[in-house]
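The model shown is predicted, which means the values in this text are computed figures rather than measured ones.
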Amino acid sequence: MSPLNIQSGSTSHSAYDLRDPHAEVIEQHTLAVVVDNESGVLARVIGLFSGRGYNIESLTVAEVDHEGHRSRITIVTRGTPQVIVQIKAQLFRMVPVHEVHDLTVDGPSVQRELALFKVAGKGDHRIEALRLAEIFRANVVDSTLESFVFEMTGTPEKIDAFAELMRPLGLREIARTGVAALSRGA
Amino acid sequence: MVVEALREQGVDVVFGYPGGAVLPIYDEIFQQNDIRHILVRHEQGAVHMAEGYARSTGKPGVVLVTSGPGATNAVTGLTDALMDSIPLVVLTGQVPTFMIGTDGFQEADTVGITRPCTKHNWLVKDTDKLSEVIHQAFHVATKGRPGPVLIDIPKDVQFATGEYTPMPKAKVTHYQPRVKGDMEAITRMVEMMETAERPLFYTGGGVINSGPAASQLLREFVAATGFPITSTLMGLGAYPASGENWLGMLGMHGLYEANLAMHGCDLMLNIGARFDDRITGRIADFSPNSRKVHVDIDASSLNKVIRADVPILGDVGHVLEDALRLWKARGRKLNKAGLAKWWKQINEWRAVKCLTYKNSATVIKPQYALERLEALTKGMDRYITTEVGQHQMWAAQFLGFEDPNRWMTSGGLGTMGYGLPASIGVQVAHPEALVINVAGEASWLMNMQEMGTAMQFRAPVKQFILNNERLGMVRQWQELLHGERYSQSWSESLPDFVKLAEAFGCKGIQCKDPKDLDDAIMEMIKYDGPVIFDCLVEKHENCFPMIPSGKPHNEMLLGEADTKGAIGSKGAVLV
């Protein structure tokens with residue numbers, strides 16, 4: 001994983017990938033932003049998105065380097081190629097931002113999300129829920145006679161799929177962490 | 001601690017207004033003589049003064065205000081400075097740390113409110129970190145694309161004693177923007193310059209911000225290549241208005257030759273400008289046949305609005321230096337035949353004389369007033385500030401700027417009320433110079449309380465008010481776009497400006513006859529002190545040329561005759 005590589009005076013090999021900016025294709029990108037873990041830094045990043053009308057599909061943040069006071073923000077966003085490039089440049093120029101990685105462009109990456117599902121039901125529904133949970137490798141982390149809480153880690157798509165299946169079986173609530181992502185390889 | 005850090009940063013003047021939450025700092029200011037404090041009448045004025053100071057000196061302007069209303073009043077100025085990339089360091093008081101969040105008296109979430117209108121801001125909760133943050137703040141404000149920064153200091157942090165970190169020992173932030181442009185890209189730029197038939201320099205405020213050396217390099221480059229040059233409102237003065245390659249300002253109210261050259265060029269060299277909507281007009285038809293080079297120190301400006309064929313991230317001065325050296329080393333090649341044809345075309349456009357207006361023997365035309373101001377102050381050590389509106393555009397069209405840092409105007413944000421305080425800030429930095437604020441009466445009233453500051457600190461600023469008793473630009477748009485329904489765009493119940501001047505203790509001059517104008521202007525210039533000049537001008541004059549919103553550069557309106565049905569409903573929704 002290389003940091004957003006804005007070459008001085010960059011052209012073809014630049015952060016500005018030179019696809020047709022007028023193409024109105026909406027792309028989804030996962031960005032990893034390494035920031036100083038200082039008060040207000042998340043508000044700064046979110047304010048950038050709301051102030052300039054960018055989308056946030058999902059967002060996670062936590063400190064990853066306690067000694068260096070660094071946090072990692074993973075943002076899934078959507079926009080035209082031009083907007084995505086703008087978002088990266090806008091993020092990169094913020095004072096507390098150290099690195100901006102576009103995991104969608106940089107190469108293959110792994111993306112995972114954790115979700116908790118509360119499913120209430122009796123009889124066959126309950127048995128079916130448990131059976132599906134097993135197929136999806138979801139763990140039971142809480143159980144009563146009338147409900148389960150399943151815990152599952154996976155791609156957002158897998159979580160969506162599981163939620164769809166649970167809905168008719170008595171799905172009551174979902175809590176999702178949002179995506180955490182890393183590039184593959186060293 | 002604060003005063004010591006400012007002193008170490010070379011600050012000689014602070015614009016401010018005291019209040020409960022900054023009393024400890026004010027106590028320190030009282031007990032020293034190195035830093036001068038200019039007491040303003042409203043915090044917005046303090047920030048605009050600091051902007052005027054910064055833009056006329058190239059040094060960061062420093063502001064000190066109290067918590068709550070002191071900070072919120074500074075917000076307009078901060079936004080203005082952010083839009084125009086002006087380096088400011090604003091210090092605000094805050095309620096003591098243990099009271100933050102309790103809705104204390106004069107408490108406001110200052111860092112929250114100012115987060116989107118500063119380049120960066122800090123809330124300092126630890127006195128030991130205070131001096132270091134101040135040093136970092138100056139670094140962030142001035143490096144890269146300049147901008148305003150704010151430090152919020154709770155009162156208990158001001159009172160406490162802590163360890164002082166001297167400037168050389170302060171931890172440098174990782175914020176270190178690149179200044180050198182990529183040589184590969186610069187080579188492509190030079191290659192394009194060698195073959196271009198219809199090249200054009202389009203320069204902006206970045207040249208001014210880069211420092212006097214950048215303006216010098218630009219002049220040398222233009223002279224050596226013979227390329228025509230136009231500039232944005234922000235960039236006026238980087239290339240002298242008397243220079244032979246000068247086409248005048250471009251944009252919505254730019255000159256005919258400048259805008260048609262933008263539309264018709266085959267190589268556009270954007271040096272430190274940002275393709276603002278006042279410049280581009282309709283994006284889809286913007287300079288359709290040109291390859292575009294864009295030099296900017298801010299990566300987020302590149303490819304934001306207009307796609308650049310050669311984006312160059314770097315400081316204008318460095319990039320110009322490298323490009324000029326490379327162009328010379330490669331044998332100073334030019335497409336001479338193409339250039340000659342291009343100049344022939346440009347001279348035909350120039351012959352249209354787009355700034356022509358119908359003068360009058362009985363009423364002062366605003367253009368005439370500025371022509372006379374220009375003629376009578378030419379060659380003087382002169383600085384011009386403006387408010388926002390028609391007068392601002394006329395000033396940009398009719399006044400000539402020979403040097404950078406001589407023209408202070410609110411470009412990006414368009415802040416009415418900017419010019420009077422800015423002129424005071426300029427005068428504080430240049431006590432001997434002639435500082436004139438070209439104003440409209442409506443804008444001027446927005447911060448007229450600062451005449452008190454001008455009087456108190458003997459800043460002999462000249463307030464040249466083109467008084468048409470209208471919000472002229474609003475009126476013009478209503479005429480063109482809203483069926484001549486002049487909703488709320490006249491200045492009712494105006495004060496008598498001469499009596500107002502007397503009330504402030506300065507000089508008031510009123511002039512309404514073109515025959516008296518020269519004498520009146522000379523009287524203003526010669527008077528040793530602030531002057532409010534009430535120049536009664538034609539009430540319904542429109543500002544031309546004009547590219548209506550949503551139109552491309554080649555569909556300019558040159559005068560009244562062109563205006564019928566010029567703007568469709570699509571254009572009307574644009575600003």
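Of all heavy-atom pairs between A:Ala89 and B:Ser300, the closest is CB-CA, 3.5 Å.
Other residues, nucleotides and ligands contribute over 12 non-hydrogen atoms within 6.0 Å of the CD atom of A:Glu57. The neighbour count for A:Glu146 CD, taken as heavy atoms of other residues, nucleotides or ligands under 6.0 Å away, does not exceed 12. Heavy-atom contacts from other residues, nucleotides or ligands closer than 6.0 Å to NZ of B:Lys129 number 12 or fewer. No more than 12 heavy-atom neighbours from other residues, nucleotides or ligands sit within 6.0 angstrom of CZ on A:Arg137.
Looking at B:Asp296, neither its backbone nor its side chain comes within 4.5 Å of chain A, counting heavy atoms on both sides. Proximity to chain A is absent for every atom of B:Val111, based on heavy atoms less than 4.5 angstrom apart.
At least one donor-acceptor pair under 3.5 Å links the side chain of B:His174 to the backbone N or O of A:Val97.
Interface summary for chain B: among A:Arg44, A:Gln86, A:Gln90, the most heavy-atom pairs under 4.5 angstrom belong to A:Arg44.
Interatomic distance, A:Arg52 CZ to B:Lys304 NZ, rounded to the nearest 0.5 Å: 6.0 Å. Annotation: the span from A:Leu48 atom CG to B:Arg115 atom CZ amounts to 12.5 Å, rounded to 0.5 Å.
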For A:Arg93 and B:Arg145, run side chain to side chain contact (heavy atoms under 4.5 Å, CB included): C-alpha distance rounded to whole Å, both residues' side-chain angles, the deciding distance at 0.1 Å, then the answer. CA-CA 10 Å; A:Arg93 75 170 180 154; B:Arg145 181 176 178 174; 3.7 Å; yes

